[in-house]
Structure formats: structure tokens, C-alpha cells
Amino acid sequence: MNKNALNYIISFGIGAVILISVCLLEGAFGSSEGKDIAASVCDGAFVAAVLLLGAGLLALVGGKGAFDGISYSVRQSLRLHWPAAVRTPEEDYEAYQTRREGKKVKTAHLFLSGGFYLAIALLALLVYYV
């Protein structure tokens, strides 16, 4: 199994765990009324979708360099106060940005799984109101 497929399996699994956890917290499995079950599934799927899509957006903007200044500042602060914590050679901000640009961040699995759980939430909402 390649690493890309594993990313998809993990993100869909995390979403399923979140959905089931929210349904358990709301008591959906003990309820016999369809509206209560649909409402719990809608809530659980929406929470999973928001968390996965939010993680995907954070990873996307982080991969584009939005947090480079913060991470460089923390690294330099650690180097100043606790030199053993940072093992990379000292570099200026421009070299740090250049080194960080080469790292690709894959976010498609987070967006796809988040969109899937958002679709489930919308379907459950439709069942709840119909």
C-alpha cells in the first residue's frame, strides 16, 4: 500500500471516529426515533467535516509559507536560550525560507474526506427536515 492511499484511509478513519463519537455523546444509538438519529448523524458528520477541512486549510497555508516567520522566530529563540534543542546549522531568514520552499505538503486527502463528511451532514440534514 502506498503512502498516498494510507493518508486517505487515515483521514477517512479519523472522520469516522469523530462522527461515531459525537453520535455516541448525543445518544443516537439508543434512540428509536428517526429524527433524533438524523440530527445526531448530521452533527457528527458536520464536526468531522469542519475539523478535516480546517486541518486541510491550515496545512495548505502553512505549506505556502504563512507560518515561516513564526517558526523561524521560535527556532531562533530556542537557539538563543536552549542551544541543544536546535540541531540545524544557524541560517538567516532568507536561507530558511528557501529551504522551506522545497517541502511539498499534500492536502487533497483532507479536503476530499472533509467534503465527503460535509455531504453526509447535508444528506442527514435533508432527512431530518423531510
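Everything quoted here is computed from the prediction, not taken from an experiment. All values below were derived from every heavy atom in this structure, side-chain atoms included, with hydrogens, water molecules and symmetry-related copies excluded.
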Connected via hydrophobic side-chain network under 4.5 Å: L6 and L110: no
Sub-4.5 Å side-chain heavy-atom contact between L57 and L53: no
N/O donor-acceptor pair under 3.5 Å between S73 side chain and G69 backbone: yes
Side chains of V22 and S40 in contact at under 4.5 Å (non-hydrogen atoms): no
Straight-line distance of S113 OG to I10 CD1, nearest 0.5 Å: 11.0 Å
Short side-chain to backbone donor-acceptor contact, Y117 and F12, under 3.5 Å: yes
Y129 atom OH: more than 12 heavy-atom contacts under 6.0 Å: no
Within one Ile-Leu-Val-Met-Phe-Trp-Tyr cluster: L19 and L118, side-chain cutoff 4.5 Å: no
Path from I37 to F46 over hydrophobic side-chain contacts below 4.5 Å: no
Which atom of G63 lies closest to which atom of V105, heavy atoms considered: CA-CG2, 3.8 Å
Nearest heavy atoms of V61 and F67, plus distance in Å: CG2-CE1, 3.9 Å
L52 with L112, same ILVMFWY side-chain cluster at under 4.5 Å: yes
Residue pair A49 / G114: nearest heavy atoms and the distance that separates them: CB-O, 3.4 Å
Check: D68 main-chain N/O paired with S71 side-chain donor or acceptor under 3.5 Å: yes
L80 reachable from Y93 in the ILVMFWY side-chain graph, under 4.5 Å edges: no
Minimal non-hydrogen separation, G44 against I18, with atom names: O-CG2, 4.4 Å
Closest non-hydrogen atom pair, V17 against S21: O-OG, 2.7 Å
R75 side chain reached by Y96 side chain, heavy atoms, under 4.5 Å: yes
Parallel, tilted or perpendicular: rings of H109 and Y8 (30°, 60°): perpendicular
Gap between atom CG of D92 and atom OG1 of T98 - 0.5 Å precision: 8.0 Å
Considering all heavy atoms, the nearest C42-A121 contact: SG-O, 3.4 Å
R100 versus Q97, side-chain donor and acceptor atoms under 3.5 Å: no
